[in-house]
Amino acid sequence: MLDPQLLRNQLADTVDKLKLRGVELDTEAFESLEAQRKELQVATEQLQSERKQRSKSIGQAKAQGQDIQPLLDEVSAMGDQLDQHSARLSEIQGQLQDIVTGLPNLAHESVPVGASEDDNVEVDRWGEARQFDFEVQDHVALGEALGGMDGETAARMAGSRFTLLSGPVARLHRALAQFMLDMHTQQHGYREFNVPLLVNAQTMFGTGQLPKFADDAFITTDENERYLIPTAEVTLANLVADTILTPEQLPMRVTAHTACFRREAGSYGKDTRGMIRQHQFEKVELVQITRPDQSYEAHEELTGHAEKVLQALELPYRKIVLCTGDMGFASSKTYDLEVWLPGQNQYREISSCSNCEDFQSRRMKARWRNPDSGKPELVHTLNGSGLAVGRTLVAVLENYQQSDGSITVPEVIRSYMGGLKSIS
RNA sequence: GGAGGAGUGGCAGAGUGGUUGAAUGCACUGGUCUUGAAAACCAGCAGGGGUGAAAGCCCCUCGGGGGUUCGAAUCCCUCCUCCUCCGCCA
């Protein structure tokens, strides 16, 4: 959520910055609502104040044994007026709230301006695409030939966008997740969490999934509606919801390996082959909670932690910075890591690392006590995939394939596979 | 699923209709004292919001929401969470 003060005091400037994100805000309508809010709120609080004072004086008069009936009549009349005012006020505030919660975060000044993914900027490239002296296959052909990947049976039991893994391929998938988790906890200082996969609406609101993107999430139908998390970012960031952290607790680095669930509404026909885009996939997520003045440093660091996984697996990738028009709703700045997939002859996203500044913490009421001011102030939140496990499996299958269709197991993964060097 | 109990400031814990946003203790911060520390003593110390150039003034919040009342931490309804016991169950 944007700071409401920005919209009140620097409206024109904020509207300009929102335009870069591809969002048009009706300035006039907003200003009109805001003016009404101000007037109503002042009036309502004034009435509350008067009522409070008079009620107190009734208490005092009664204690002194005076006749309080005239006072009672007078204050009674105020009640109706107050009710009217506060009803109208909450209506206006609700309308303002609807507008504000639907606005995306503003982009950091270092983010390239652009309208779509075509305007994203490559900032780094690591590794070299392997040269094959045979015809490469994609992960689906490889996985099926190995007898370890089955989309048809999965579709029969669950529908499209699900994949069954089995045997050594399933084990490789598991090994990759274990490897990532171990690297982040043992080398990068993250604390491992095992988190709920179902959360309430409040929690989804905190990280920005609600109310605007309700259609993207799976929701339960029992009386207490719960959402299946689309990413562990939701649970990890919400660890600090409604809390005031001490300076010593920052930065907080947390990670979790979870299943993630996405409806992929609106992506019909996109990436239908294989396990690039699934309703259910696994991901090792990295989240950092930092002091505001250290979040951009942490953003570079966190992205580096994700890159370390790709480097250890010797998977070629490039790092791009998303332009203002292509960033996620809550983000101020996002790096995407795209891994080289020989089977598709292109780079595909395998990690997305974002600094959300105080956009999520304002929604979550996540604060720290700044020793300089002595006051609670909003923390900054960052998240990144480290990495998407399913897509990492895809990348390993395609990059490590041999002419006979077997897969060489990456060296760093072998100890997680009982020393296995090759899957055939 | 059934029966009972409980949710108050960072923590503990008073408070059952009227200057209570809240006693007291601990913790924390500053000061006095001390060579220094401790102890003792003094003082400060919830969060959110509105308005204002600022100082300040004002409003809201005692798990969430609603109600009764001139007035609610206190009474009523409802939901949530936690604890104990019974039942069921991975």
Side-chain angles (χ1 to χ4, degrees), chain A residues 1-11 30-31 33-97 99-101 194-206 210 220 222-227 235 238-250 252 259 358-379:
Chain A
M1 198 160 69
L2 293 181
D3 185 350
Q5 297 298 344
L6 276 181
L7 292 158
R8 286 179 199 159
N9 305 326
Q10 300 165 46
L11 184 59
F30 184 84
E31 278 183 323
L33 269 176
E34 177 53 25
Q36 291 180 64
R37 188 230 97 221
K38 188 164 171 173
E39 190 186 328
L40 271 166
Q41 184 160 353
V42 169
T44 304
E45 289 184 3
Q46 174 91 34
L47 280 169
Q48 284 175 324
S49 176
E50 272 183 49
R51 183 191 60 178
K52 200 170 166 182
Q53 298 256 332
R54 300 202 188 187
S55 291
K56 266 186 191 168
S57 66
I58 289 177
Q60 289 169 341
K62 198 176 173 186
Q64 292 165 16
Q66 297 172 3
D67 178 20
I68 56 170
Q69 194 54 47
L71 289 168
L72 286 181
D73 296 340
E74 190 186 20
V75 183
S76 267
M78 290 181 62
D80 296 338
Q81 205 187 350
L82 184 58
D83 285 347
Q84 282 177 22
H85 272 75
S86 40
R88 182 86 183 111
L89 177 62
S90 31
E91 192 186 314
I92 299 282
Q93 281 178 325
Q95 288 177 31
L96 281 166
Q97 181 76 358
I99 293 174
V100 175
T101 56
N194 189 289
V195 299
L197 303 181
L198 287 164
V199 298
N200 59 30
Q202 176 74 35
T203 301
M204 289 284 274
F205 174 82
L210 290 180
T220 65
D222 57 308
E223 60 278 12
N224 295 314
E225 289 187 341
R226 286 179 235 271
Y227 296 80
T235 30
N238 272 283
L239 287 171
V240 295
D242 266 310
T243 58
I244 302 174
L245 300 157
T246 62
E248 297 75 43
Q249 290 176 279
L250 301 176
M252 214 171 121
D358 61 11
F359 189 84
Q360 294 180 324
S361 53
R362 182 170 293 106
R363 289 172 165 240
M364 297 191 297
K365 299 185 180 67
R367 295 152 294 169
W368 72 302
R369 197 171 292 278
N370 183 344
D372 294 335
S373 67
K375 294 285 177 194
E377 296 172 12
L378 296 172
V379 294

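Scope of the values below: all heavy atoms of this structure, side chains included, with no hydrogens, waters or symmetry mates. The sequence lines fix the lettering, A, B, ..., with proteins before strands; numbering per chain opens at 1.
For the atom pair A/Gln41 CD and A/His85 NE2, the distance stands at 12.0 Å (nearest 0.5 Å). Here A/Ser90 contributes atom OG and A/Leu40 contributes atom CG; the two are 9.5 Å apart, rounded to the nearest 0.5 Å. Distance check: A/Lys365 NZ to A/Asp242 CG gives 6.0 Å after rounding to the nearest 0.5 Å.
Residues passing the side-chain contact (heavy atoms from CB on, under 4.5 Å) test with A/Arg369 are A/Ile244, A/Pro376, sequence neighbours excluded.
In RNA chain B, the stems built from three or more successive Watson-Crick or G-U pairs (distances below 3.5 Å) are B:1-7 with B:80-86, B:10-12 with B:24-26, B:28-32 with B:40-44, B:46-51 with B:56-61, B:63-67 with B:75-79.
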Residues A/Arg362, A/Asp3; criterion side-chain contact (heavy atoms from CB on, under 4.5 Å); working and verdict: CA-CA 8 Å; A/Arg362 182 170 293 106; A/Asp3 185 350; 3.4 Å; yes
Residues A/Asn200, A/Thr203; criterion side-chain hydrogen bond (donor to acceptor under 3.5 Å, both in side chains); working and verdict: CA-CA 6 Å; A/Asn200 59 30; A/Thr203 301; 2.8 Å; yes
Chi angles and distances behind the side-chain contact (heavy atoms from CB on, under 4.5 Å) call for A/Arg88, A/Gln84: CA-CA 6 Å; A/Arg88 182 86 183 111; A/Gln84 282 177 22; over 6 Å; no
Pair A/Val199-A/Met204, side-chain contact (heavy atoms from CB on, under 4.5 Å): steps then yes or no: CA-CA 7 Å; A/Val199 298; A/Met204 289 284 274; 3.7 Å; yes
Stepwise side-chain contact (heavy atoms from CB on, under 4.5 Å) check, A/Val240 with A/Met252: CA-CA 10 Å; A/Val240 295; A/Met252 214 171 121; 3.7 Å; yes
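Checking A/Gln249 against A/Thr246 by side-chain atom types alone, a donor-acceptor pair falls below 3.5 Å.
A donor-acceptor pair under 3.5 Å is formed between the side chain of A/Ser361 and the backbone N or O of A/Val379. Proximity of a side-chain donor or acceptor of A/Arg363 to a complementary backbone N or O of A/Asp358 within less than 3.5 Å is not detected. Although no hydrogens or angles enter the test, the distance criterion places no donor-acceptor pair under 3.5 Å between the side chain of A/Arg37 and the main chain of A/Gln93.
Atom name C1', nucleotides B/rG13 and B/rA73: the rounded distance is 14 Å, in whole Å. As rounded to the nearest Å, B/rU68 and B/rA12 have P atoms that lie 35 Å from one another. When the C1' atom is used for both B/rG56 and B/rG7, the distance is 37 Å, rounded to whole Å. Taking the P atoms as reference points, B/rC75 lies 14 Å from B/rC62, given to the whole Å. B/rA23 and B/rG10: their P atoms are spaced 14 Å apart (whole Å). Here, B/rU24 and B/rA43 have their P atoms 11 Å apart, quoted to the whole Å. Taking the C1' atoms as reference points, B/rA14 lies 13 Å from B/rU74, given to the whole Å. The P atoms of B/rG48 and B/rC11 are separated by 15 Å, rounded to the nearest whole Å.
Of all heavy-atom pairs between A/Val100 and A/Leu2, the closest is CG1-O, 4.1 Å. Nearest heavy atom pair, residue A/Leu33 against residue A/Ile92, reads O-CG2, 3.6 Å.
Regarding A/Gln93, its CD atom lies at a distance of 13 Å from the C1' atom of B/rG48, rounded to whole Å. One can place CD of A/Gln97 at 12 Å from P of B/rG49, the figure rounded to the nearest angstrom. In this structure, A/Leu89 atom CG and B/rU51 atom C1' are separated by 14 Å, rounded to whole Å. For A/Asp3 and B/rG49, the CG to C1' distance is 13 Å, given to the nearest whole Å. In this structure, A/Asn200 atom CG and B/rG63 atom C1' are separated by 14 Å, rounded to whole Å. A/Leu378 has its CG atom 13 Å from the C1' atom of B/rG47, to the nearest Å. Distance, A/Asp242 CG to B/rG48 C1': 11 Å, rounded to whole Å. Rounded to whole Å, the distance from CD on A/Gln48 to C1' on B/rU61 is 12 Å.
Comparing B/rC58, B/rG49, B/rG47 by their nearest atom to the side chain of A/Arg369 picks out B/rG47. Here B/rG48 is the nucleotide among B/rU51, B/rG48, B/rC59 with the atom lying nearest to any side-chain atom of A/Pro376. Side-chain proximity of A/Arg37 to B/rC59, B/rG47, B/rG50: nearest is B/rG50.
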Are there any protein N/O atoms within less than 3.5 Å of an N/O atom in nucleotides 52-57 of chain B, and if so, which ones and at what distance?
from   : atom 1 : to      : atom 2 : distance (Å)
B/rG52 : OP1    : A/Lys38 : NZ     : 3.3
B/rG52 : OP2    : A/Lys38 : NZ     : 3.4

Under 3.5 Å, which protein N or O atoms sit close to an N or O of nucleotides 18-22 of chain B? Give each pair with its distance.
from   : atom 1 : to      : atom 2 : distance (Å)
B/rG18 : O6     : A/Lys62 : NZ     : 3.1
B/rG18 : N2     : A/Ser55 : O      : 2.7

Short heteroatom pairs, N/O only, protein and nucleotides 77-82 of chain B, under 3.5 Å:
none

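For residues 40-51 of chain A, every residue pair satisfying the salt bridge (charged side-chain N to carboxylate O under 4.0 Å, His left out) rule, not counting sequence neighbours, is listed here: A/Glu50-A/Arg54.
Contact between the side-chain N/O atoms of A/Arg51 and the OP1/OP2 oxygens of B/rC59 is not found at any separation under 4.0 Å.
Backbone-only contact: A/Gln5 has heavy atoms under 4.0 Å from sugar-phosphate atoms and none from a base. Using a 4.0 Å heavy-atom criterion, one finds that A/Arg8 contacts the sugar-phosphate atoms exclusively.
Nearest-nucleotide assignment on RNA chain B puts the 5′-proximal partner with A/Lys365, out of A/Gln53 and A/Lys365. When the nearest nucleotides of RNA chain B are assigned to A/Gln46 and A/Glu34 by heavy-atom distance, the more 5′-ward of the two goes with A/Glu34.
A donor N or O paired with an acceptor N or O is not found under 3.5 Å between the base of B/rG49 and the side-chain atoms of A/Gln41.
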